[in-house]
Number of protein chains: 4
Amino acid sequence: MAKKLWGGRFKKKIDKDFFKFQKSINYDYKLAKYDVVHSSIHAAALEKTGILSELEKKKLVKALTDIHKKIKNKKFKYNKESEDIHTDIQNKVEKKIGKLALKLHSLRSRNDQIVFDEKSYCYDESGDISKFLESLLKSIDFLKKKYKKIKIVGYTHTQKAQPVFFSDYMDAFWHMLKRDQKRVMNFQKNIQVYIGAGALAGSSIKKAEYNKAIKEILRHWPEDSFFAVKPYANSLDNVSDRDFIIEFLSIIAITQMHLSRLAEDFILYSTKEFNFFNLPEEFCTGSSLMPQKKNPDFLELVRGYTGKIYGNLISILTMMKGLPLTYNRDMQLDKEPLFSSVSILQNELKIMAKFIRKVKLNTDIIKEALKDGQLYATKRADKLVREQNIPFREAHDIVGRAIKKQENDA
Amino acid sequence: MAKKLWGGRFKKKIDKDFFKFQKSINYDYKLAKYDVVHSSIHAAALEKTGILSELEKKKLVKALTDIHKKIKNKKFKYNKESEDIHTDIQNKVEKKIGKLALKLHSLRSRNDQIVFDEKSYCYDESGDISKFLESLLKSIDFLKKKYKKIKIVGYTHTQKAQPVFFSDYMDAFWHMLKRDQKRVMNFQKNIQVYIGAGALAGSSIKKAEYNKAIKEILRHWPEDSFFAVKPYANSLDNVSDRDFIIEFLSIIAITQMHLSRLAEDFILYSTKEFNFFNLPEEFCTGSSLMPQKKNPDFLELVRGYTGKIYGNLISILTMMKGLPLTYNRDMQLDKEPLFSSVSILQNELKIMAKFIRKVKLNTDIIKEALKDGQLYATKRADKLVREQNIPFREAHDIVGRAIKKQENDA
Amino acid sequence: MAKKLWGGRFKKKIDKDFFKFQKSINYDYKLAKYDVVHSSIHAAALEKTGILSELEKKKLVKALTDIHKKIKNKKFKYNKESEDIHTDIQNKVEKKIGKLALKLHSLRSRNDQIVFDEKSYCYDESGDISKFLESLLKSIDFLKKKYKKIKIVGYTHTQKAQPVFFSDYMDAFWHMLKRDQKRVMNFQKNIQVYIGAGALAGSSIKKAEYNKAIKEILRHWPEDSFFAVKPYANSLDNVSDRDFIIEFLSIIAITQMHLSRLAEDFILYSTKEFNFFNLPEEFCTGSSLMPQKKNPDFLELVRGYTGKIYGNLISILTMMKGLPLTYNRDMQLDKEPLFSSVSILQNELKIMAKFIRKVKLNTDIIKEALKDGQLYATKRADKLVREQNIPFREAHDIVGRAIKKQENDA
Amino acid sequence: MAKKLWGGRFKKKIDKDFFKFQKSINYDYKLAKYDVVHSSIHAAALEKTGILSELEKKKLVKALTDIHKKIKNKKFKYNKESEDIHTDIQNKVEKKIGKLALKLHSLRSRNDQIVFDEKSYCYDESGDISKFLESLLKSIDFLKKKYKKIKIVGYTHTQKAQPVFFSDYMDAFWHMLKRDQKRVMNFQKNIQVYIGAGALAGSSIKKAEYNKAIKEILRHWPEDSFFAVKPYANSLDNVSDRDFIIEFLSIIAITQMHLSRLAEDFILYSTKEFNFFNLPEEFCTGSSLMPQKKNPDFLELVRGYTGKIYGNLISILTMMKGLPLTYNRDMQLDKEPLFSSVSILQNELKIMAKFIRKVKLNTDIIKEALKDGQLYATKRADKLVREQNIPFREAHDIVGRAIKKQENDA
């Protein structure tokens with residue numbers, strides 16, 4: 001067990017099973033790169049308020065910057081015995097620069113760090129999702145253009161309805177995913193990262209001091225993309241706000257729903273019976289028993305992940321239900337579902353963008369399918385209305401009865 | 001069974017149990033007032049495209065306007081035997097003006113009407129939710145001002161943490177609900193109501209004709225609040241888009257989560273053991289057995305409704321999973337969960353706004369609770385840091401050990 | 001507002017919006033027939049313990065029996081102004097026999113009545129579900145026999161796999177639904193209805209007195225089917241136990257999942273493209289726009305209701321999360337989801353049993369589909385193994401490569 | 001990428017991102033010990049049907065038995081490059097005994113192995129859960145006995161209701177968890193592990209041959225606890241049945257709900273304000289900011305995990321919704337949620353059993369709390385009924401008004 005950030009008042013040692021049960025380092029290590037930013041700003045703020053000398057601050061920020069570089073270069077390794085990533089980084093700083101590290105955690109609380117880190121994570125990942133969506137939208141455009149003038153059968157109730165352009169069909173998915181992108185970009189834009197809320201009551205560092213510290217650190221930070229950080233608006237709200245996670249998971253859930261519909265359609269259209277689409281082999285697998293099988297596994301897994309992604313959403317919603325103000329340890333469990341949904345969606349989008357470009361249309365079979373006369377029944381009724389001035393409800397009836405007669409005769 | 005909008009091709013009568021199972025009039029009657037708007041625009045479009053004469057259009061719009069008035073005056077009664085509200089209105093128009101009514105449903109599909117109606121409903125109701133939130137925010141402000149300088153115990157982990165201002169405490173809820181209001185207003189702003197998508201392939205009426213019809217009807221419509229309607233962007237997407245419902249239900253779910261937290265805190269603070277708050281009797285109930293009981297039923301019901309509101313969200317998400325394009329009958333089942341969540345949240349907000357204003361603080365008991373020395377441990381550690389230049393981790397340890405000793409001595 | 005069962009300690013009148021918000025009569029009226037049984041047993045117990053005279057008891061039981069008859073004959077009408085069904089019945093008894101009614105609610109609590117009523121409801125309805133399942137199982141057997149020797153295409157991954165008997169295919173659903181029936185029967189068998197728990201601490205009536213009362217009432221009760229009632233085992237647990245509802249809703253959810261799979265398959269097999277099944281028109285509907293459409297609406301609605309039924313389950317689970325012992329008002333909200341899932345499933349099963357009997361196989365099209373050589377690839381590999389002693393992995397490879405060659409040549 | 005069990009018909013190499021996306025070895029390795037049993041029975045069946053010689057069978061079973069030993073001794077290491085555990089074991093056997101291994105996968109499918117493995121897993125783990133529950137039940141008994149004659153305040157609506165015995169209070173949880181244990185034992189009893197279903201259509205090995213093979217292998221198997229295996233009842237159902245997972249996750253969800261209620265109560269009763277319980281420090285943690293804090297983290301995490309466990313249930317339910325028969329790749333995603341819920345619950349139960357034994361009652365504070373006169377209001381009303389023959393509703397009113405007067409005077 002590595003050093004902890006608390007313990008003075010405790011008479012008994014922590015139970016080992018419980019320690020294992022409660023530690024979060026095995027997943028919250030993903031927040032490391034945001035945690036060093038929080039610590040750096042905080043170090044600067046401690047200097048502004050007079051608790052650290054300038055030299056002390058510099059040493060701390062230097063140590064933190066070194067860790068940040070390691071993270072960026074994927075050389076950072078967390079200690080599995082640490083309780084959480086905040087403790088782990090604190091311990092690493094202590095290893096580097098000794099006792100001075102003990103001053104770093106003055107006047108702040110992990111409650112504040114966690115929400116800072118998670119918002120930053122959501123900011124970054126929502127940006128990535130937007131980019132992955134962009135790339136999928138382009139693949140859809142590619143396919144639309146490739147089969148520009150092709151008409152296919154349009155369906156309602158999985159029953160042949162009317163002919164539609166393939167490009168309009170693909171464009172329907174384009175519109176869904178475009179809305180998803182708008183939602184995720186709007187979400188990203190509205191994320192407001194705060195600092196300084198302490199455990200719940202705000203730190204004794206003044207907001208003006210924080211503002212100076214934020215400016216100083218973010219300006220010199222070796223990271224290009226960093227976003228606006230502000231001193232907290234309401235400290236009690238800040239440490240117990242998880243809206244952004246639920247909102248993000250809802251947006252992911254809607255996107256996932258769209259992907260599940262696309263998957264369903266493509267599975268259907270690539271059955272031997274429909275046979276409109278030919279799926280790229282690189283994204284299919286075979287059967288260990290049946291040598292002939294080429295299964296649409298990628299699409300099935302996409303459809304199947306809908307369960308997990310809805311489950312992750314309900315998981316956080318349930319976890320937050322009825323929690324008293326302010327921070328409660330329950331909230332630690334927001335991370336795994338968040339990381340899981342983000343990772344699944346990003347993988348799906350990345351692969352789908354490649355997949356879509358390689359889908360081929362079996363144009364001969366599609367043409368054959370379009371010959372079915374019933375696809376034009378609406379047009380016939382339409383014609384009766386426009387040319388013979390028959391009220392539509394009657395024209396509908398006339399055409400409907402003609403179809404009944406035809407089926408009876410057959 | 002009332003007249004249906006289809007049936008010509010059918011040889012057999014519909015099964016009675018199935019007819020009952022599938023009809024939606026018992027809930028979709030709520031959409032009546034939007035459906036007549038769709039019909040009026042559509043009638044005007046039919047005239048623009050030459051299928052109706054001007055006189056015919058006028059008669060139809062007049063009949064529809066009359067129905068709209070009835071709806072507004074709460075005199076509209078739907079026929080329980082009708083299949084759905086669209087059929088019911090069509091039948092009512094036929095009753096008024098005879099066979100001409102049969103022309104109304106030319107070149108359009110219920111698929112298009114449903115989504116038009118539902119988006120309009122969401123537009124209206126999200127506006128109302130925003131207003132109810134506004135009123136609750138004002139009640140919170142009222143309470144904040146009433147107990148302006150009062151400090152209360154702040155909690156983390158339901159354990160006494162540090163003193164906070166009551167106004168800051170209430171302000172935390174204010175911030176949550178303000179975010180909710182922003183979300184719901186943003187949602188409303190982004191609703192785009194479309195018309196003309198037909199069943200899936202678009203109507204043969206031109207978009208320009210629709211544009212004229214929209215202008216004509218919405219200008220003269222006896223309704224003040226009507227919003228922008230456009231011809232469809234993608235017809236296949238339009239008839240099978242239910243994003244707006246899921247988005248709305250997610251926003252409602254987050255708001256509900258906040259209310260559940262407020263409820264939990266107020267239940268806790270009004271127990272005999274905490275006794276910080278005195279709840280208004282008008283919103284409590286008694287026990288049929290125990291004469292002394294004054295139970296916080298309103299708060300408990302609010303907390304309990306979280307289940308229903310999460311369930312409604314998961315219900316639509318699940319329903320939409322893996323649906324092939326375009327419209328499928330499954331989608332009919334989006335209405336009950338939507339109406340249910342909207343109605344529950346509006347009632348909660350309305351009552352909560354009254355409730356909050358009448359909450360009283362037991363200031364004597366609160367003062368007593370603030371005397372607990374442990375609430376000031378952080379301040380003591382802070383002082384050691386600032387005055388004696390002790391690293392915080394050590395100061396934390398010193399104060400912690402002092403508390404341990406004190407507890408051992410006690 | 002009708003008379004309430006509490007109120008003596010209250011100084012202020014209940015808020016009207018809140019009264020409406022909290023009352024449950026509009027749904028818990030469904031429990032009326034069980035509530036009069038509770039009241040009758042309780043009246044008898046009050047006599048055993050000396051609080052009622054024998055005559056008083058008789059008068060009360062008579063009045064309750066009359067109400068029970070009305071309920072059975074569907075002539076019972078609840079007062080919409082009542083708070084709940086328990087209050088409503090109490091008021092009705094008072095109307096019949098005057099002030100004596102005021103003695104009925106001695107030493108008992110609605111907390112005890114609610115759980116008694118709900119368990120009884122679950123007992124009855126689970127029995128009905130078992131019967132509906134039985135009838136559906138018979139319909140499946142009917143169809144299995146009707147097309148006894150027919151082979152159809154068997155699928156994995158919605159891709160043609162191997163030929164299977166239609167009767168084996170239908171038998172798969174039979175097995176699923178048989179497991180469902182076992183689960184629901186096992187559930188029913190384990191329901192234990194208790195009485196006498198009071199609000200939480202048990203009534204001052206002795207268990208022996210309750211036992212006598214139970215015997216007396218259930219023996220003479222004009223109801224045939226009544227089941228074992230016992231004095232409570234643990235009073236605190238009894239009033240706050242909702243396990244049985246969650247268990248019931250889980251069983252319903254699994255059954256619903258099976259129905260959704262059956263629906264999906266039948267939708268698929270009745271598309272024009274598969275065209276293996278011909279669905280009975282009596283359970284389909286048409287399109288208001290497209291005259292040719294015969295849509296599998298029943299199956300789509302069944303598939304769609306999966307959302308609602310999963311939502312109902314999550315609703316109760318969420319509602320019960322973290323509730324302190326014992327009864328809390330949140331628990332009132334268990335009824336609507338329970339009643340909803342029970343009613344949906346029963347309707348689905350009832351209609352499905354009729355539907356299945358009328359499904360027709362397009363045997364010519366099925367035969368044609370079975371000609372696809374790839375369906376026999378596994379058999380070919382099998383033969384290589386059995387006749388030429390080739391290891392299966394190699395035989396799989398040989399057949400697989402032959403198919404690749406064939407596709408390349410085509 | 002390690003060797004795969006399929007591929008002959010494929011012209012193109014699998015996409016690397018997709019390969020990573022679809023492989024399951026990183027979680028299904030947990031099924032290794034059941035998979036070797038399946039393989040051993042299958043090897044014996046291949047001999048019975050004449051495809052393997054006795055010597056070949058012996059070699060295969062020997063190789064598999066060696067792997068099984070490694071698993072038991074925790075020396076088994078899976079190859080991270082393998083697609084899944086079935087492939088991994090096949091490859092390991094090949095490494096040991098060469099080409100003969102290629103015969104092992106004759107006439108069987110992973111579809112059959114997966115469900116065999118998962119059912120066996122559920123059998124084992126449900127047994128363990130029952131044991132953990134047993135141990136928790138004993139801890140509760142221990143605490144009941146320790147504070148045998150102590151009365152505490154009983155609550156409804158988190159408001160003081162009536163005095164109850166502490167042992168009755170703890171006994172309420174005992175009853176809940178005992179029901180859970182019954183449910184899980186009943187679940188275990190009903191698990192039926194099948195073999196021989198092939199991909200969907202049954203293997204060409206006869207059931208009698210399977211029966212011999214099962215007998216032979218399970219008798220000699222170095223495992224003590226193995227349970228009944230049978231040849232499949234319906235092959236299509238068998239490969240696509242996941243009922244047992246949903247049922248298991250439902251049972252876990254109900255148990256978790258009970259734990260969340262216990263957690264909530266214990267959090268409440270260990271606040272400074274209630275202060276009835278003193279929680280064991282070994283299961284609490286401190287604050288990084290506030291030196292005085294002793295937080296009930298274990299209980300909070302238990303409460304919080306309710307989200308994950310409900311989410312896991314909804315995840316599988318959603319995943320299975322509307323899946324066509326028979327096996328679909330979506331089903332692969334049943335494993336992570338299953339393993340997650342099982343592991344969380346087992347850890348919670350294990351720690352809770354230790355935790356409960358160390359909870360201490362603050363008997364002085366409890367005694368003080370029992371002095372509140374209002375706790376005895378029901379008794380007073382009861383007395384009026386029994387001694388003065390006042391109808392209870394009136395007695396309730398009299399006591400209620402007395403309390404109102406008292407509060408007004410105060």
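Naming convention: chains lettered A, B, ... in sequence-line order (proteins, then strands); numbering from 1 in each chain.
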query = Any sub-3.5 Å donor-acceptor pair from D:S250's side-chain atoms to D:I246's backbone N or O?
reply = yes

D:R110 portion near chain A, given a 4.5 angstrom heavy-atom threshold = both

key: Heavy-atom pair of closest approach, residues A:S82 and A:I25   = O-CG2, 3.2 Å

Region of D:D17 that comes under 4.5 Å of a non-hydrogen atom in chain A = both

key: Contact origin within A:K354 toward chain D - heavy atom pairs under 4.5 Å   = side chain

note = Ranking A:S315, A:S287, A:G311 by heavy-atom pairs under 4.5 Å to chain D gives rank one to A:S315

task = May I ask you to check whether A:Y310 and A:Y305 place their ring centers less than 6.0 Å from one another?
result = no

ask   = Between D:H42 and D:G196, is there a donor-acceptor pair closer than 3.5 Å when you use the side chain of the first and the backbone of the second?
value = no

task = Name the region of A:F355, side chain, backbone, both or neither, that has any atom closer than 4.5 Å to a heavy atom of chain D.
result = neither

inquiry  = Quick check on A:K350 against chain D: is it the side chain, the backbone, both or neither that has a heavy atom closer than 4.5 Å?
reply    = side chain

note = Most heavy-atom pairs under 4.5 Å with chain A, out of D:M331, D:K321, D:K293, belong to D:K293

query = Which answer fits A:L333, side chain, backbone, both or neither, if we ask what part of it has an atom under 4.5 Å from a heavy atom of chain D?
reply = side chain

request  = Could you have a look at D:K13, D:M290, D:Q292 and say which one has the most heavy-atom pairs with chain A under 4.5 angstrom?
outcome  = D:Q292

message = Counting heavy-atom pairs under 4.5 Å with chain A, which one of D:A199, D:A263, D:C284, D:P291 comes out on top?
response = D:C284

message = If we ignore hydrogens and angles and just use 3.5 Å, is the side chain of D:E300 paired with the main-chain N or O of A:R329 as donor and acceptor?
response = yes

inquiry  = Which atoms of A:R303 are under 4.5 Å from chain D, going by heavy atoms: the side chain, the backbone, both sets, or neither?
reply    = both

query = In terms of heavy-atom pairs under 4.5 Å, which option from D:E281, D:K12, D:M319 contacts chain A the most?
reply = D:E281

task = For each of D:E336, D:K294, D:E348, tally heavy-atom pairs with chain A at distances under 4.5 Å, and name the one with the top tally.
result = D:K294

Chain A contact via D:T285 - side chain, backbone, both or neither, heavy atoms under 4.5 Å = both

side-chain contact (heavy atoms from CB on, under 4.5 Å) assessment of A:L249 paired with A:I316 = CA-CA 9 Å; A:L249 291 185; A:I316 310 281; 3.5 Å; yes

request  = Quick one: sort the A:F18 and A:F21 rings into parallel, tilted or perpendicular, breaks at 30° and 60°.
outcome  = tilted

message = At a 4.5 Å cut-off on heavy atoms, which part of A:L107 comes close to chain D: side chain, backbone, both, or neither?
response = backbone

request  = Starting at CE of D:M257, measure out to OG1 of A:T318 and round the result to the nearest 0.5 Å.
outcome  = 13.0 Å

ask   = What heavy-atom pair brings A:L279 and A:S270 nearest, and what distance separates the two atoms?
value = CD1-OG, 3.3 Å

ask   = Given the options A:M320, A:R108, A:Q22, A:K20, which has more heavy-atom pairs under 4.5 Å with chain D than any of the others?
value = A:R108

message = Please identify, among D:S288, D:G322, D:S109, the residue contributing the most non-hydrogen atom pairs under 4.5 Å to chain A.
response = D:S288

query = Just wondering, do A:S24 and A:K335 contact through their side chains at under 4.5 Å, heavy atoms?
reply = no

message = Between A:N347, A:D112, A:N328, who has the most heavy-atom pairs with chain D when the cutoff is under 4.5 Å?
response = A:N328

message = Taking the basic N atoms (NZ, or NE/NH1/NH2) and the acidic carboxylate oxygens, is any pair closer than 4.0 Å for A:R242 and A:D334?
response = yes

ask   = Should the pair D:H38 and D:F116 be assigned to parallel (<30°), tilted (30 to 60°) or perpendicular (>60°) ring geometry?
value = perpendicular

query = Quick one: what part of D:Q332 sits under 4.5 Å from any heavy atom of chain A, side chain, backbone, both or neither?
reply = side chain

